[in-house]
Amino acid sequence: MSSRYNHREVEPKWRERWAAAGIDRALSPDEAKGKKKAYVLEMFPYPSGRIHVGHSRNYAMGDVIARFRRSNGYNVLHPMGWDAFGLPAENAAMERGIHPKGWTYDNIAAMREQLKLLGLAIDWSREIATCDPEYYKHQQAMFLAFWKKGLVYRKKQKVNWDPVDNTVLANEQVVDGRGWRSGAPVETRELEQWMFKVTAYAEDLLAALEKLDKWPDKVRLMQTNWIGKSQGARFRFEISDRGPSGPQGASEDARSIEVFTTRPDTLFGASFVALAPDHPITKRIAETNAAVADFIAKAGQLGTSEADIEKAEKFGVDLGLRVKHPFDESWELPVWAANFVLSSYGTGAIFGSPAGDQRDLDFANKYKLPFKPVVLPPGADPATHAITTEAYAEDGVIYNSRFLDGLSTKDAIARAIEELVKLGKGEATTQWRLRDWGVSRQRYWGCPIPAIHCAKCGVAPVPEKDLPVALPNDVKFDKPGNPLAHHPTWKHVDCPQCGGKAERETDTLDTFVDSSWYFARFTDPDNEAAPFDKKLAGYWLPVDQYVGGVEHAVLHLLYARFFTRAMRDCGFLDGPADGEPFRSLFTQGMVVHETYRRAPRPLQADYVERKGDRLVEKGTGFAAEKADGPQPYRVSPVWLLPEEIENRDGTLYEKGSLFQIETGAVEKMSKSKKNVVDLDAFVQDFGADVARWFVLSDSPPERDVEWTASGVKGAWNFVQRVWTLVEAHGRPAPKPGEAAPQAANEGEALALRQLAHRAIQSVTDDIESFRFNVAVARGYELVNAIAKLKGDGEGAVFARGEALRILTQLISPFMPHLAEECWETLGGEGFVATAPWPAADPALAARTTVTLPIQVNGKKRAEIEAPKGAAEADVRELALQHAAVKPFLEGVTVRKVIVVPDRIVNIVAN
RNA sequence: GCGAGCGUGGCGAAACCGGUAGACGCAGCGGACUUAAAAUCCGUUCGCCGCAAGGCGGUGCGGGUUCGACUCCCGCCGCUCGCACCA
C-alpha cells in the first residue's frame, strides 16, 4: 500500500532529530582533530520583517555546500546572524511609532523561526545580531584601535540636506533632486565626518585581487575599476588674471590652480580649465559673485551621488579668472566652474581638451569655447580630420602640438610630463579613484561612535573601560533629525581628559561597518573580552565559501577586505596572512516574480465615499483617488499579492471579484511590489524541500530564477516520485561497497548501475562547481532510469536498491528532509546528513565506447560507435568508409581528415 | 553618464577546454488505464520542405577568425546590477 509523502509530518520530525543530535554544531579545533575545516557563509540578512521564498535561494545554496562538505568529512562552520542596524527600523519608528529596537528584535524572532523551517544545517548556537551591545562593544573597541593606528580621521564631507525636514538624506532618499518626504529640493551641505583610511591599503587591495582566483572575474574587475589606479600628471596653471576686481577673484595665496590628468599629451588641445562647484577658489569667488553663488546652489541640487551628477546636464559658469598655459606663457585659458568636475577625485580641477573627451566637448560646444583636435586617429588625414560633436578619446598620433607633434599617445604623455617637470610645474603621479570611507551617519539606529568632544581638549576617544557606549532606549522620533542629538541627557558627559563638561559624538557608524567583520565574530561569538579569540579566528578564517548577491560586488566586499587588513594590523587577527576574508566567492542571482496590479478604472463622483482619511470605491472598498480624465475619480492602481489573484480561464482576476488584473514586469521579489510568496504558507502547502529544490533547479545559480507555479509543480512531482519509488522498493538497500550478484552486472540492471555511478561523479562535480541546476537534472535522469527498470529478479532488486540509495544521498544536500525519510526506509544507518558521501565505482562509471559524429565540411553526416581511445587511423578509415558519408565525398577531393580522439571526425573536401 | 554582466525552442534551460545545439524540467499534442476527473504510465514536440529516406535553416542583430563558433574577436540592439548615506 503506498501512501503519499506527508511533508507536514516528515519535515518537522527530522528537524527535531537533527537538533537533538546536535549535528549542525561546528566542532572546536580540538574536537575536530584530523578533520579539515570548511567555513561556509551566506551574506547575513537585514531583518526586514518576513522571509519570502526569494530569500531562501541564497541560504539553500550555502546549505548545499555546507552539507556536501560535511558529508565529505569536513568540520563545517555554517552560522547565521542579523545585519540589524539600518534605516528601515527608523522609518518604521517614524511611520508607525514603533521603537526601532522592538521592531528589529520582533523581526529577528519571526525570521529566525521562518529560516528554521527551511531545514538549513546552521549552527544556531552562534547566532549574532549587530545591534546587540555585546556585538557593537567590540566594534567600538576596534574603532578606537584603528584611530590610534591612524586609520581613522575627521574631514568635511558633502551630504544631502533636506532644508524642510532639517535632516541628512541618504542617496536613496533623494528622488529627482528632492527629499522623499518633504519634496523640497535638496541642498548640499558640508559636515565634519569620521573617515576610515581605506586608501592606506589601496595598493594591496588592488594587487591582492589577482590572487583571489576563486572569485568571479567580473567582481574582481569591478573592484579593480572601483579602486581605479591611474597614472598621469599633476601640474599647475599659473593664474595670470585674478578677475575683474581684485578681492572678488582668487585669494592672494592662490597663485595657481593644480589639475590632474591622465592625458597630458592633449595639453595643446586645452581650451579651458574647470573647477568643481565646491573647489576652494569657486567658493571664494561665490562670496562676492552672485552668478557663481547661483551656480553652486544649482549644482548642489543634483544631490551628491555620482550617478545623478553624471546624468545631469552639464553646465558651468565663467569664473572670470585667466590662467597661463604651462607650455606657453602668452597663451591664456579661461577658468570655469563646472558641475561635472568632482571635488573628490584628483585635485577637483581639470583642463578641458574637448577634441579628446566627450564631456569637455559637450561643455565647449555649449559655451562656444574654441578648440582644436590634437590626436590624429590611425589612418586619418590631418588636413581634413575634424571634431564637431563626437570626441576622439583613443590613441593616435599627436599633431597641432608643437614639440609633441608626431609622437604616439604613449610617448607624448611621457614627453609632456618630462617637460612639466623641467619647467617645475608638475610631476607624474599615481591617482586613485578609491576614496576614504566616510562612516558617519546622523542617525539613531546604528553603532555609536565612541568619541567625546570637549571645548578645551578637542576630540577624545571614549576610554576603553567605558565601552560600550550604548544607545539610549528612551528616544523620540517626533522631530526630524538625529534623536541622539535631541536626547536631553545622553550626550552630556565629562571630558575623559580634563574632567570638564563635554559632549558625546552623536553620529553613528555606517552599517557597512557592522558587516565588515561579522564573519570573524562567528568564529567566537560569545567572547566578552575581545571581538574574537585570535586562535579561533585563525583556525576558521578565511571563509572558504561566501555566497551572496552581486549587488555587493564592490562596497561590502571591499570594506570587508579593508577591515580584515586593519584588524590584522591592529593586532586583533593573526590570520589570514594576506588579509583576505573570503577565499571563494559566489554571487547568486535573484528570485524574480510577476507583479500584479489592480487596474485603474474611472469612477463617477457618486461611486466614491470617504472612509477616515481615505477615498474608497463604494461597494468594493478599493482605494480611490482624484483623476484627471473625464471622470473625477479613479480606482488607485495598487500592487497585489500573488495570493490575492485568481486565474479564471487564462485571465487573471482579483480574487472573488470581476475586476481584471494588470500583469506587470517580472521583478525581484520585494515588499514594495508585493510580488512575494511568503515562506510559511509555502512550506505548509508544499514543504521546505520543494522550495529548496525549485530555487536551485530552474536556472543556473548565478542567474535570476523566476518563481512560477509550473516550476513548483515540477519540484513537487519529483518529491512524490522519489518517495513512491523508495516505498515501492520496500526493502533495505545494499550497503556501499556490498558485492553485487552476477545478475546485477548484466543487461538493464548493469545499465542502471552504470548510470547511478556516473550520476555520483557528475553531481559531485556539479556541486563542487556550483552547477546546482545541472545536479538537479542528473537527479531527474536517475529517477527516470530507476522507474524504467522493471522486475523483481535478484539483479534488478540489487541495482534498484543501490540506485535508490545513491539517489537519496545525492539529493540529500538539496532536500534533506525527504532524503532522511528515504534513508531510514532503505535501512540506512544514522542520518543520511552525516553519512559519508558516496563514491563512484570507477569500473561502473567508466565508458568503454564513445559515439563519434562524422562531419563533412563541418556538417554532421553520420555517427559511429567506437571503442574509447580508438586509434586515429582506425577511426579515420571507419569514417571515410561510412555509407552515409560516401555520397558526400563523390566528385570531390578529400583535403584533410581531422580526428579529435573520442570527440569528432571532420572530413574537409572540395 | 561611467563601470560590469547577461541574451539559446512556447517557457526555465544544457552543451565544463572551439568539436553531435536543445540533456533535464514545465507546458503542449497523441495514446493507455479510469464511469469520470485527478494521479500515474507510454509516445511525441526547434522551424521549414518531404509519404519517407533525407535535406535546408537555426543560439539577440551585422561582420570576422577557424577544418569546425552558443563558445573567440570587432561593431550594434535589448535587459540587469553597481556608482561611495539602501542593505
Side-chain angles (χ1 to χ4, degrees), chain A residues 4 43-46 48 83 85-88 157 159-160 168-174 193 198 216-219 221-222 224-226 228 304-312 314 340 344 358-359 433-443 510-512 514-515 549-556 558-559 587 589-590 592 668 694 697-700 702-706 708-715 717-718 720-721 724 765-766 769 771 773-774 776-781 784 787 851-860 862-863 884 895-898 900 903-909:
Chain A
R4 288 221 116 188
M43 291 180 185
F44 67 160
Y46 179 77
S48 57
D83 191 10
F85 276 135
L87 269 183
Q157 281 272 292
V159 295
N160 299 310
V168 178
L169 297 175
N171 282 336
E172 71 156 11
Q173 296 173 323
V174 178
Q193 304 262 43
V198 180
D217 287 343
K218 63 174 172 182
V219 174
L221 188 55
M222 280 191 260
T224 301
N225 292 337
W226 184 263
T304 57
S305 102
E306 194 178 320
D308 289 338
I309 292 167
E310 294 277 333
K311 265 185 278 193
K314 285 141 199 78
F340 61 87
S344 52
Q358 195 61 47
R359 283 186 309 195
R433 208 186 79 94
L434 181 69
R435 308 202 296 259
D436 282 333
W437 176 12
V439 294
S440 283
R441 299 292 181 268
Q442 293 69 41
R443 319 213 175 271
D510 181 5
T511 56
F512 272 125
D514 311 335
S515 54
V550 71
E551 65 271 22
H552 294 294
V554 175
L555 292 181
H556 162 60
L558 189 70
Y559 291 152
T587 54
M590 299 174 299
V592 296
K668 175 181 179 175
F694 172 55
S697 69
D698 253 25
S699 279
E702 67 277 9
R703 219 186 285 178
D704 292 350
V705 61
E706 188 184 347
T708 58
S710 60
V712 170
K713 193 185 168 217
N717 286 348
F718 183 71
Q720 299 303 333
R721 206 151 173 239
T724 307
D765 236 41
D766 293 336
S769 47
R771 290 192 304 258
N773 56 324
V774 182
V776 163
R778 297 291 165 254
Y780 280 107
E781 270 172 352
N784 288 343
T851 308
L852 294 182
I854 299 165
Q855 299 180 333
V856 179
N857 291 329
K859 277 187 200 295
K860 185 188 146 194
E863 274 180 3
R895 302 281 170 197
K896 207 175 180 187
V897 179
I898 294 149
V900 184
R903 294 228 83 140
I904 203 168
V905 181
N906 190 11
I907 301 165
V908 186

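Just so we're on the same page: letters track the sequence lines, and every chain starts at 1.
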Taking only N and O in the side chain of [X], is any of them less than 4.0 Å away from OP1 or OP2 of [N]?
X        : N      : answer
A/Ser305 : B/rC83 : no
A/Asn717 : B/rC26 : yes
A/Thr511 : B/rA87 : yes
A/Lys896 : B/rG68 : no
A/Arg703 : B/rA13 : yes
A/Arg778 : B/rA14 : no
A/Arg721 : B/rC41 : yes

Using a heavy-atom cut-off of 4.0 Å across all strands, would you classify [X] as base, sugar-phosphate, or nothing?
X        : value
A/Gln358 : nothing
A/His552 : base
A/Ile898 : base
A/Ser344 : nothing
A/Phe340 : nothing
A/Glu706 : nothing

Let's test this: given Watson-Crick or G-U wobble pairing with both distances under 3.5 Å, identify the partner of [N].
N      : value
B/rG1  : B/rC83
B/rC61 : B/rG75
B/rG50 : none

Which residue lies more 5' along RNA chain B, comparing A/Ala307 with A/Val905 via nearest heavy atoms: A/Val905

Residue mapping more 5' on RNA chain B - nearest nucleotide basis, A/Gln173 or A/Val554: A/Val554

Just compare [options] and give me whichever is closest to any side-chain atom of [X].
X        : options                : answer
A/Pro700 : B/rG82, B/rA14, B/rG19 : B/rA14
A/Arg441 : B/rA15, B/rC85, B/rA87 : B/rC85
A/Gln193 : B/rA4, B/rA14, B/rC85  : B/rC85

Chi-based syn or anti call at B/rC17, which uses purine or pyrimidine torsion atoms and a 90° bound: syn

Chi class for B/rG10: syn within 90° of 0, otherwise anti: anti

No-hydrogen, no-angle side-chain donor-acceptor test under 3.5 Å, A/Arg895 and A/Asn857: no

Lys/Arg N to Asp/Glu carboxylate O, A/Lys218 vs A/Glu702, below 4.0 Å: no

